Colleague: 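Mind looking over this structure? Questions follow.
Keep in mind it's a predicted model, so treat the numbers as computed, not measured. Numbers restart at 1 for each chain; the letters A, B, ... are given by sequence-line order, proteins then strands.
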Amino acid sequence: MPELPEVETIRRQLEKEIVGKTIVDVWWDRPKMLRPRPEAFVNGVKNRRITGVERKAKLLIFELSDGFFVCHLRLSGRLLVRRKDDKPDDYVHVVLKFENNKELRFAEARLFGYMQYVESQEELDKILEKYGPEPLDDLTAGEFFKILQKTSRPIKLVLLDQNRIAGVGNIYANDALFLAKIHPRTPANSLSASQSSSLLKAIEQVFKEGLKYGGASDQWYRQVHGEKGSYQEHFKVYGQAGQVCDVCGTKIKRIELGGRGTFFCPQCQTL
DNA sequence: GATATCGCCTGAAGGC
DNA sequence: TGCCTTCAGGCGATAT
């Protein structure tokens with residue numbers, strides 16, 4: 001699933017591929033994937049030039065010669081840069097067509113992802129204001145500790161809460177908690193300043209690793225030319241239930257937390 | 001206000 | 001082989 005490193009990998013590739021291109025047509029077959037409505041989306045983006053591709057947390061922001069559109073890949077979204085005559089891709093539900101037969105295909109197997117036309121900077125700011133700070137940005141150890149002090153919810157769920165900290169998803173939350181030797185159920189406000197600081201460093205470390213390997217390709221995530229990332233070959237605990245911990249040799253456990261698969265080493269990460 | 005739960009949605013995997 | 005059930009999960013809406 002695309003988290004901050006995966007979305008940033010896509011953003012960097014898209015920046016090279018589609019900035020300066022004008023959207024000459026839009027094809028779609030799933031109304032729910034185009035917001036606010038398909039007609040408004042098409043009217044908003046058609047004949048507009050893409051002037052930049054930015055990112056906030058897991059949200060891609062496409063700057064247009066007039067207005068914006070944003071794209072959330074949710075669980076299984078892919079953005080593929082292809083030529084019109086390239087072989088079809090599976091699960092494609094939106095295609096932005098450019099001049100010179102180039103196109104951006106939005107493939108989404110589970111239909112959770114969406115593209116949304118955003119008319120003004122004010123409207124965009126409203127969308128972005130709900131996101132908390134990003135760990136890779138300018139979040140200091142002190143600010144991070146303050147955020148964690150505000151709630152007694154399990155730390156793993158706090159990391160996944162985009163309103164508090166933006167960009168962390170299930171994979172990197174599991175691996176960062178392992179590196180910081182913190183049990184996923186630990187109440188956030190019970191962490192010491194030193195543990196909180198270690199956790200922030202661990203998040204930065206797994207994000208940097210994720211970026212270095214071009215993201216983690218589970219079943220769905222692909223880069224813009226269809227290639228897989230390789231961070232999945234470097235998972236520390238995510239998806240590793242039953243495998244032995246690299247540090248102590250204990251078997252990695254899987255529990256459910258907030259309805260999501262949660263992986264940890266019961267020896268290295270005690271409550 | 002904070003927290004917990006539900007529903008969206010479909011492909012893949014496993015059981016029979 | 002084919003059908004059925006279970007699992008995966010980000011996030012907004014709704015309930016507690």
Side-chain angles (χ1 to χ4, degrees), chain A residues 1-8 10 28-37 55-61 70-80 88-94 106-116 118 123 126-132 134-135 146-177 184-190 203 207 210 215-222 226 228 231-232 235 237-242 252-264:
Chain A
M1 83 215 77
E3 303 180 29
L4 187 149
E6 286 74 25
V7 179
E8 177 60 18
I10 290 170
W28 54 273
D29 69 353
R30 295 282 178 152
K32 275 192 161 184
M33 289 178 63
L34 292 180
R35 301 178 182 181
R37 296 173 311 284
R55 179 191 57 73
K56 175 70 185 182
K58 307 173 195 172
L59 190 71
L60 281 162
I61 303 156
V70 297
C71 176
H72 201 305
L73 302 172
R74 290 286 179 98
L75 303 174
S76 52
R78 295 173 178 168
L79 285 174
L80 300 164
D89 292 292
D90 292 333
Y91 322 117
V92 173
H93 296 297
V94 182
F106 183 20
E108 231 300 37
R110 290 181 189 158
L111 308 183
F112 279 7
Y114 62 89
M115 285 180 164
Q116 178 178 352
V118 179
E123 201 185 326
K126 216 167 185 181
I127 292 169
L128 301 184
E129 74 187 11
K130 65 187 175 193
Y131 288 101
E134 283 187 17
K146 266 189 199 162
I147 290 169
L148 302 189
Q149 285 293 296
K150 286 181 185 160
T151 175
S152 61
R153 298 184 78 203
I155 182 62
K156 161 100 185 296
L157 299 186
V158 177
L159 294 182
L160 296 181
D161 182 347
Q162 302 300 301
N163 305 126
R164 297 181 198 268
I165 298 141
V168 185
N170 203 24
I171 293 173
Y172 294 93
N174 278 288
D175 276 7
L177 285 166
R185 282 198 206 278
T186 311
N189 60 2
S190 74
I203 296 169
F207 273 0
S217 282
D218 56 359
Q219 192 177 351
W220 300 112
Y221 166 72
R222 295 292 182 274
K228 288 184 172 189
Y231 179 71
Q232 69 280 7
F235 283 161
V237 289
Y238 178 78
Q240 306 298 301
I252 305 296
K253 269 186 83 171
R254 180 190 188 280
I255 56 172
E256 198 145 307
L257 202 50
R260 291 172 200 164
T262 299
F263 303 87
F264 69 104

Colleague: Taking any heavy-atom pair under 4.0 Å as a contact, classify K130(A): base, sugar-phosphate, or nothing.
Modeller: sugar-phosphate

Colleague: Just checking S152(A): base, sugar-phosphate only, or nothing, at a heavy-atom cut-off of under 4.0 Å?
Modeller: sugar-phosphate

Colleague: Considering every strand and a 4.0 Å limit on heavy-atom distances, what is the contact class for L75(A): base, sugar-phosphate, or nothing?
Modeller: base

Colleague: By the 4.0 Å heavy-atom rule, please label Y172(A) as base, sugar-phosphate, or nothing.
Modeller: nothing

Colleague: Less than 5.5 Å between centroids and less than 30° between ring planes, does F112(A) satisfy that with dC8(B)?
Modeller: yes

Colleague: Tell me: CZ of R78(A) to P of dG11(B), nearest whole Å?
Modeller: 12 Å

Colleague: Considering every strand and a 4.0 Å limit on heavy-atom distances, what is the contact class for G261(A): base, sugar-phosphate, or nothing?
Modeller: sugar-phosphate

Colleague: Is the shortest distance from a Lys or Arg side-chain nitrogen in R222(A) or E6(A) to a carboxylate oxygen in the other one below 4.0 Å?
Modeller: no

Colleague: Closest to the R254(A) side chain: dG10(C), dG9(C), dT3(B)?
Modeller: dG9(C)

Colleague: Looking at dC11(C), I'd like to know if its phosphate oxygens (OP1 or OP2) sit under 4.0 Å from a side-chain N or O belonging to H72(A).
Modeller: yes

Colleague: Once you apply a heavy-atom cut-off of 4.0 Å, does R35(A) come out as touching a base, just sugar-phosphate, or nothing?
Modeller: nothing

Colleague: Give the nucleotide from the list dA12(B), dC11(C), dG9(C) with an atom nearest to the side chain of Y238(A).
Modeller: dG9(C)

Colleague: What is the nucleic acid contact for R153(A), judged by heavy atoms within less than 4.0 Å: base, sugar-phosphate only, or nothing?
Modeller: sugar-phosphate

Colleague: In whole Å, I'd like the distance from the CG atom of N170(A) to the C1' atom of dC7(C).
Modeller: 13 Å

Colleague: Round to a whole Å and report the spacing from CG of L157(A) to C1' of dA4(B).
Modeller: 10 Å

Colleague: Could you please spell out the steps behind the ring pair (Phe, Tyr, Trp, His ring centres under 6.0 Å) verdict for F235(A) and F263(A)?
Modeller: CA-CA 11 Å; F235(A) 283 161; F263(A) 303 87; 9.1 Å; no

Colleague: Closest approach to the side chain of A109(A), judged atom by atom: which nucleotide of dC11(C), dT3(B), dG11(B) is it?
Modeller: dG11(B)

Colleague: Whole-Å distance between dC11(C) C1' and E3(A) CD?
Modeller: 14 Å

Colleague: Spell out, as yes or no, whether a donor-acceptor pair under 3.5 Å connects the side chain of E134(A) to the backbone of G167(A).
Modeller: no

Colleague: Tell me: CD of Q162(A) to C1' of dC11(C), nearest whole Å?
Modeller: 9 Å

Colleague: Quick one: is R110(A) getting a side-chain N or O under 4.0 Å of the dC11(C) phosphate, OP1 or OP2?
Modeller: no

Colleague: Is the shortest side-chain N/O distance from Y91(A) to OP1 or OP2 of dA12(B) below 4.0 Å?
Modeller: yes

Colleague: From the options dG11(B), dC9(B), dT10(B), select the nucleotide whose nearest atom is closest to the side chain of R30(A).
Modeller: dT10(B)

Colleague: Please pick, from dC11(C), dC9(B), dG11(B), the nucleotide with the shortest atom-to-atom distance to any side-chain atom of R74(A).
Modeller: dC11(C)

Colleague: Starting at CD of E108(A) and ending at P of dG11(B), how long is that distance when rounded to a whole Å?
Modeller: 11 Å

Colleague: Hey, does the side chain of Q232(A) reach the backbone of S217(A) with a donor-acceptor pair shorter than 3.5 angstrom?
Modeller: yes

Colleague: Could you state the NZ-C1' distance from K32(A) to dC9(B), rounded to the nearest angstrom?
Modeller: 9 Å

Colleague: So does K150(A) get a side-chain nitrogen or oxygen closer than 4.0 Å to the phosphate oxygens (OP1/OP2) of dA2(B)?
Modeller: no

Colleague: Tell me what T151(A) touches on the nucleic acid: a base, only sugar-phosphate, or nothing, going by heavy atoms under 4.0 Å.
Modeller: sugar-phosphate

Colleague: Do E256(A) and T262(A) pair up side chain to side chain, a donor and an acceptor below 3.5 Å, judged on atom types alone?
Modeller: no

Colleague: Return the value, rounded to whole Å, for the distance between atom NZ of K156(A) and atom P of dA4(B).
Modeller: 14 Å

Colleague: Would you call the rings of Y231(A) and Y172(A) parallel, tilted or perpendicular if under 30° counts as parallel and over 60° as perpendicular?
Modeller: parallel

